[in-house]
Every structure is written in C-alpha cells, then in structure tokens.
Amino acid sequence: MSVRVRIAPSPTGDPHVGTAYVALFNRAFARQQGGQFLLRIEDTDRTRSTPESEAMIFESLRWLGLTWDEGPDVGGPSGPYRQSERLPIYKDHTEKLLASGAAYLCFCTSERLDALRREQTTAKLPTRYDGACRDLAPAEASRRRTAGEACVVRLRIPASGELAFDDLVRGRISFQAEQIDDQVLLKGDGYPTYHLANVVDDHLMGITHVMRAEEWIPSVPKHLLLYRAFGWTPPGMAHLPLLRNPDRSKISKRKQPTSLNWYRDQGYLPEAMVNFLALMGFSQPDGKEIFPFEEMARNFAFERITTSGPVFDLKKLEWLNGTYLRELIPGALAARLAPFGASAQDPARVAAILPLVQERLKRLAEWGELTDFFFTAPEPGPLLLEQGKHPAAEGAAMLEEAAAALQDQADFSSAAVEALLRGKQALRGWKTGDYFMTLRVAVTGRKATPPLTDTFAVLGREEVVRRLRAAAAWLGRAREA
RNA sequence: GCGCCCGUCGUCCAGCCUGGCCUAGGACACCGCCCUUUCAAGGCGGCGACACGGGUUCGAAUCCCGUCGGGCGUACCA
C-alpha cells in the first residue's frame, strides 16, 4: 500500500512556522516512500477560519517549496479537501455512532458546562464532563432532538481499560480509559470537532501515517476509540516535538516570530528556512548540517527524529541563511533581491555592487541599509571628526589631496586606485588605518563598508571626488567653528 | 489538581535501542588569535553539558527505580 500522509492546518491567522515544520517532515517521508502528501484544510471552527488565512497557507508553503499532491486547490481523488465541504459525511458517520451506542446525544448547555468546570476546578478535581446525558434512554434523546432541542454528540468512553498505541518516534504510549473525557464529536452548529473530522477524513482519504505535533498525543486515545467504533484500522502515528520559544514554552507569536510571512519579508531564503526546520529534531547520519530537502527525504527515518522540543534559534537561522546567500550565483542573488528594493535600481549598478556585499548579507532585507551609500551620497557630519588622531585640518588636507590625485586618475580600477592611494599615504607618512578610515567615512558616511577601493571603483571617479571634496569642506568649516 | 510527553554544552544535534571505542563529538552563539584599510568571509584556538539520587554491572550518558525540572493536554479551538 502506498504511503499517504497529510498536513491539516486550520486557516486561522497568519501561516504558522509550525505548519511548515510538520509539512516538511510529512513531505520528506512521502517523498522517500514514493507516496502522496496531501493538504487538508480544517476549517471547522466557523468563528476563526478565514479564506484569507487559507490563501496565505497555500502561498507560504509554496514559497517554501513544500507543495502537495492533493488539496483543496489542486484537487485529487479523495476530495473535498476542505472540511467545511464535508459536513454530510460527518453527519452520516455521527449517526452510525449514535446507532451503535458508541456516541450519545447531550443536551447540556454551555452555561451548565462552564459552571461544572468551575466547581471542579475550585474543588481541585479533574475537569470532566459529568455524564449527565450519558445514560439518557436513546428513544427519549432522539425524541428531544427531533423536537428541536439543542444538542451535541458526545463520544462514549468506556469506563475502564487501557488505550495504547506505538508511536513511531516515541514508542509505546498508553492511557487509562477512566482518565478520558466524553469528547464532543459534533457541535451544536452541526460542525464536527477536530476529533471526529480528523479520524473520519484520515480514514476516508487513505492516510497511512499521521505525523503531527506532540500537542496531539493526549487526544490519541479518543481517536483510537473512534477507529474502533467505526471498525477501522488506525494509521501509524508519529508525534513530532513542539517548536519552542527561548523560554521553552510552545512557540508563540508573543515571544518569537511565528508567521511565515515575517520570515519571507525579513529575507530568509526558503531553502535556508527548510534546511533550518529540518535541523529541528532531525539529523543526517553523517552529521552534515547543510543539506537540501531531497537529501532529508533520502535519509528520513522515524528513528532519526528527536523527542525533546527544540528552541527555535534565530541566530542559527541567520547563519544558515548567510551560507545559502553566499552560494547563490550573482544573477540568482539579484533576482532574490528584486523584491527588496533592487528591482527599482539600475541593474548594472546592482550587478557591480553584488560581489561586494554578498558575503556580508545575512538577510535579503539588509540590502538597503548595506548599500544605500552606493546610491545616495552621505551627508558629511561629526563622524568625520572621530576618525584617527589627526586634527580636523589634517583630515581635510588628506581628503583634498586624495581628491586631487584621484581626479587625474584615468584608470579607476580598484587595483590602480589602491596603488595610488597607498603611494600617497606612504609618502605623507599617514597611518594606514587612519587614512583609509577617513576616506571611508568621507565617501560612504560609515565605518563599516566593503573594501574601500572596490567601493570607489563602483562609485566612479566623479562621484568619489565630489564626496571627498564635500567632506573636506565640511571639515574645513568644523575647524573654524 | 489530574493525564501524557520530555530532560547531553547558552542553543541545535551526534552518542543511548545493541553498556566498555566517551578523559562525551559536531554546529550556532560567545571570547581570543591569524588574515586585513573597516566590516564581513575564512583559518586556528578557547569557554562550555551527560538534571539529581539510588540500583544493576567488573564497567552506565547509555539499562531499572525514584526525585526534581520543563512542556503539552485537560474547550461545542485546532
């Protein structure tokens, strides 16, 4: 039987990094096994689901290259892939459960339930449904339902017994039935809860392995009971660790960026993002840390997945991104930079700058701040006074001399300019660091830049001379003041 | 509270299943040095962990028990 796996995100809010994480692992397994990877939208929460959110999920997963074989937008043999479009299916299955007694109708109001929960909490008791409707006579219950009384459908959990399964990454996990609550399966609005929809869909869609986050482990026994009640064989289950904030709580937007949009806008490369996510809980047999998706798929194994929750470390992501950025060929880098301002700039100039900033770029969004002085002359300012131990007068002289010499320099290549400047500096006995830093600040307005003469070559003679003179003039005025 | 999951450097990961090869290895970060006109990149080096306590064993990071710690769940949310 061919492997079929899925991710089942809820379209609420921004596309979450955790969704991409789980998608990656599922897709890697499917790829390795030559199986299918499906995308199912779990939009059973009517109050929180939005089409915008769904669209962003599609978009960001595609951005990461985590595409799916079947899904709401691409179709497939097991559709519909949006749970809101499968309501009759859940209804039918609920009726079967009701008929067999595996589930029952519950007429308790949410007010009563809330009060019950409060009492249990203050009494330090486990908060659970008290079973008020559990033993209603079926005939009586269905009469009340037909009469229009509001109700939900609850799963009837057996009074005792062990519910266990073998997690593919964690081994055997078991629960005692008495600890489990009679879960709601069908809500008052006729929509299924996660538990019902998830089990029914996974079965009907032929899912062979459920790989999802650790937070779902406690709901497995309910699912097991559902599979049993329907007479179905449960799929293999693998629970991935939960991504964590630096304080080790479950990753959340208040403590850490979680939106895939944010990572895209910051200029993290999708391939770096995928590689980084793979590093969270997965490792290559040879210890290699930089590898593409295909290589992850090749070596994927449940045994290679870690059980403890990894902290999402932005620092390491940034490093990884930098390594991917450095490997890009110039044309590719220029294309990636287009959305970050480069598309509005002179392509020839951009191309000339690229080799100078490529190894200094950690995120594409840094492009602007790293290169603005190539496009706009800096305003001479006090930073000029801070350079070296020479007085303002001498600084002005340095700049004037450099400007004069450069003005007559026909060959403006980096090497030629460097030779000229070094000659000047040696002749005058100026300290190397002092001299070049003064020139640097004069021409770029900052203390950290790509190699100076390379920068000069890109800017061109006219521009460099103009900036040197402007800075010298400023220093001259500063001396008078 | 109750249930479940987890516990190796600050962080990610290797080692654990199949005890000795571990005076615990790699990566990020940090610190220092080298290269160097600055910043990067690169090279070299440093700092730094088996949560604790018992047990099993000739021998335990590895097996068992307990304690402690962290996390998740405990919804007509997923």
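Values below: every heavy atom of this structure, side chains too, minus hydrogens, waters and symmetry copies. To find a chain, count down the sequence lines: A is the first, B the second, and so on, and within it residues start at 1. Given the structure is predicted, the values throughout are model-derived calculations rather than measurements.
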*Heavy atoms under 4.0 Å, any strand shown: does A/Ser308 hit a base, just sugar-phosphate, or nothing?*
sugar-phosphate
*Please walk me through it: do A/Leu420 and A/Asp411 pass side-chain contact (heavy atoms from CB on, under 4.5 Å)?*
CA-CA 10 Å; A/Leu420 174 76; A/Asp411 178 358; over 6 Å; no
*With heavy atoms under 4.0 Å as the rule, sort A/Thr44 into base, sugar-phosphate or nothing.*
sugar-phosphate
*Could you tell me the separation between the CZ atom of A/Arg244 and the P atom of B/rC72, rounded to a whole number of Å?*
7 Å
*Contact class for A/Gly188 (heavy atom, under 4.0 Å): base, sugar-phosphate, or nothing?*
base
*Think A/Arg446 forms a cation-pi with A/Phe373, using NZ or CZ under 6.0 Å from the six-ring centre and within 45 degrees of its axis?*
no
*Of the nucleotides B/rG26, B/rU38, B/rG3, which one has an atom closest to the side chain of A/Thr449?*
B/rU38
*How long is the line joining NZ of A/Lys255 and P of B/rG70, in whole Å?*
13 Å
_Separation of B/rU11 P from A/Leu314 CG (nearest whole Å)_ = 15 Å
*Would you indicate what A/Arg326 reaches in the nucleic acid, counting non-hydrogen atoms under 4.0 angstrom: base, sugar-phosphate, or nothing?*
sugar-phosphate
*A/Arg248 CZ to B/rA51 C1': how many Å, rounded?*
12 Å
_Please classify the nucleic acid contact of A/Cys151 as base, sugar-phosphate, or nothing, using heavy-atom distances under 4.0 Å._
nothing
*Inter-nucleotide P distance (B/rG71, B/rC33), Å rounded*: 40 Å
*Starting at atom CD of A/Glu54, determine the distance to atom P of B/rA78, rounded to an integer number of angstrom.*
16 Å
*Value in whole Å for how far the C1' atom of B/rU37 lies from CG of A/Leu439*: 9 Å
_How many whole angstroms separate atom CD of A/Glu366 from atom P of B/rC39?_
17 Å
*Just how far, in rounded Å, is P of B/rU74 from NZ of A/Lys124?*
19 Å
